[in-house]
2 protein chains.
Amino acid sequence: MDDHLHTTPAERRRLQVREAIVSAAEEVFSQEGEEGLSIRRLADSINYSPAAIYKYFGSKEELLDELKESFFGRLVEHIHATGDGEDGYIDRARACFATYIRTAIDKPHHYAAAFAGHALPNALAPGVPEFAETKKGEAFLFLSGMLQEGVDLGHFPQSMDATLAAKSAWAAMHGLSMMLAHMPTFPAFGPDDDTMTPDEFIDFYCDLIIRGLEVDHDRP
Amino acid sequence: MDDHLHTTPAERRRLQVREAIVSAAEEVFSQEGEEGLSIRRLADSINYSPAAIYKYFGSKEELLDELKESFFGRLVEHIHATGDGEDGYIDRARACFATYIRTAIDKPHHYAAAFAGHALPNALAPGVPEFAETKKGEAFLFLSGMLQEGVDLGHFPQSMDATLAAKSAWAAMHGLSMMLAHMPTFPAFGPDDDTMTPDEFIDFYCDLIIRGLEVDHDRP
DNA sequence: TTAATCAAGTAAACGGTGTTTACTTTTTGA
DNA sequence: TCAAAAAGTAAACACCGTTTACTTGATTAA
């Protein structure tokens, strides 16, 4: 229950302050995004000086990275939990897709920031972790494995490359997630506003992706 | 050729300075994105004081909005031009999809910024233009019309809602655009790096979306 | 042509940001 | 108990977007 045996009081205190920082950052970031999260304001909210933050995090970006990565960790957990349902394969796959999107738009700032980071430049810098070591990489591996399972079960054509399909499916899910996160009115413009709820649209969309995968690429 | 007849020298001078601002902003923004674009630096690069910028633009955001909207205008033009090809309908549709993505990733900062703007809050503020009046709205209308044409030509099921399909297709294109814009290594990780060039992947992906639309939603 | 008016442009300041440096206080371990 | 290490901070640095008060230059009316 408590780790008094292997940690000193100082270490425990340090972890406590660190957690206070992360927790306060999490709260303001999830509501106001990166704009609202300033080191000064953050320090003030937990009754420390701004400089104190830098005893725990090398930079604001480092702190933000922790928020993003931990969010993506929860996202992966949600998907894994969804995958444990006992429906048919296609229903399970669609449910996983939908869970990804729903979790993403539940914390729009987290999700968008998780992808907005390293825009163009060197993706393989010395400090940057390998893709496979990140939660994003974990998500991709799960997705790729799930699609391979679909091939093995005969739901997708034997010729389908699961990795390629995973990239496609991921891009597609990412697209709707970003759309719904950034443009609240997206699924409801035009004259026919309420023909579909966002949830219904997500299901429809996931089905669309899966249908696209079911058809063989080399078609008549 | 010249508009000396309907404009005064002062107006022409003003437009010239304004253009210098936009042009300088365009250059640095397309290479470094919003981070690299500061009013002070911009003013310095065109030999004006920072305050001078505010005689032409109410705020930095207003200037950025102009860059984004004009970029999206070029994007729409490219798509229209692509649509004038004389192949079969499906090939034309796929070409339009691909053009959208290729144009988007050609100016990744512009494209990302065009969607990153109004994150969560009031999308229908007094200053914000109606969706249909924006270049984005124009793009959506074109897409929607093209898909309706596909229904009429019998390429898509009669039951397909073109608006719904347009939303889906747009989200999907948006997804791959963002992926390729922000994660250069995206289409080439894993052990099999160079199995496909980005261009080939884009074509494959667009085909996937179209295939998804071709299948009826109420399936066996 | 002269005087008055309006637009263009600017220096300096305001309030904010992330971050670093030099310093003080507190805690720890021998 | 006492030196060393860690925790914490005030103040500064170098930026940022933006506003205010002001000067300079061009335009227009008398």
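Computed from heavy atoms alone, side chains included, the values below leave out hydrogens, waters and symmetry copies. Sequence lines set the chain letters: A, B, ... in the order given, protein chains first and strands last, and positions in each chain run from 1.
One atom, CD of A/Q16, and another, P of D/dA7, lie 14 Å apart when rounded to the nearest Å. Rounded to a whole Å, the CD1 atom of A/I39 is 16 Å from the C1' atom of D/dG8. Between the CD atom of A/E11 and the C1' atom of C/dT27 there is a distance of 14 Å, given to the nearest Å. Summarising the geometry, the separation between CD on A/E61 and P on C/dT17 is reported as 18 Å, rounded to the nearest angstrom. Note: CD (A/E35) to P (C/dG16) measures 16 Å, nearest angstrom. As a whole-Å value, the separation of A/R14 CZ from D/dA5 C1' is 12 Å. The CD1 atom of A/I21 sits 11 Å away from the P atom of D/dA7 (whole-angstrom rounding). The CD-C1' distance, from B/E34 to D/dG17, rounds to 12 Å in whole Å.
Applying the salt bridge (charged side-chain N to carboxylate O under 4.0 Å, His left out) rule to A/D44 yields no partners; only residues at least two apart in sequence or on another chain are considered. Qualifying side chain to side chain contact (heavy atoms under 4.5 Å, CB included) partners for A/Q16, counting only residues two or more places apart in sequence or in other chains: none.
For A/R40 against C/dG16, no side-chain N or O and base N or O form a donor-acceptor pair under 3.5 Å.
The list of salt bridge (Lys or Arg N to Asp or Glu O under 4.0 Å) pairs with a residue in residues 53-62 of chain B, not counting sequence neighbours, is empty.
Taken to the nearest 0.5 Å, the OG atom of B/S59 stands 8.5 Å off from the CG atom of B/L64. Here SG of A/C206 is found 7.5 Å from CE of A/M173. Values are rounded to the nearest 0.5 Å. In this structure, the separation between CZ on A/R102 and CG on A/L176 is 10.0 Å, given to the nearest 0.5 Å. Note that the OG1 atom of B/T7 and the CZ atom of B/R14 stand 14.0 Å from one another [nearest 0.5 Å].
Under the 30°/60° scheme for interplanar angles, the aromatic rings of A/F142 and A/H80 are found to be tilted. Ring geometry for A/W170 versus A/F131: interplanar angle of 30 to 60°, hence tilted.
Of the residues listed (A/E69, A/K68, A/E26), the one engaging A/H110 in a side-chain hydrogen bond (donor to acceptor under 3.5 Å, both in side chains) is A/E26, and it is the only one.
Here B/F57 lies out of heavy-atom contact (under 4.0 Å) with every strand. Residue contacts for B/L37: at a heavy-atom cut-off of 4.0 Å it reaches the sugar-phosphate backbone alone, with no base atom in range.
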Identify the pairs formed between an N or O of the protein and an N or O of nucleotides 23-30 of chain D at a distance under 3.5 Å, and give each distance.
{"residue": "D/dT27", "atom": "OP1", "partner": "B/R13", "partner atom": "NH2", "Å": "3.1"}

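Comparing C/dG9, C/dA8, D/dT18 by their closest approach to the side chain of B/Y56 singles out C/dG9.
Over its full length, the helix from C/dT5-D/dA26 to C/dA30-D/dT1 turns its helical axis through 10°, comparing axes from the five pairs at each end and rounding to 10°.
Both the sub-6.0 Å distance and the 45° axial angle are satisfied by A/K136 relative to the ring of A/F115.
Interface residues of residues 44-55 of chain A facing DNA chain D, ordered by number: A/Y48, A/S49, A/A51, A/A52, A/K55; criterion, heavy-atom separation under 4.0 Å.
B/H78 and B/Y100 have their aromatic ring centers separated by at least 6.0 angstrom.
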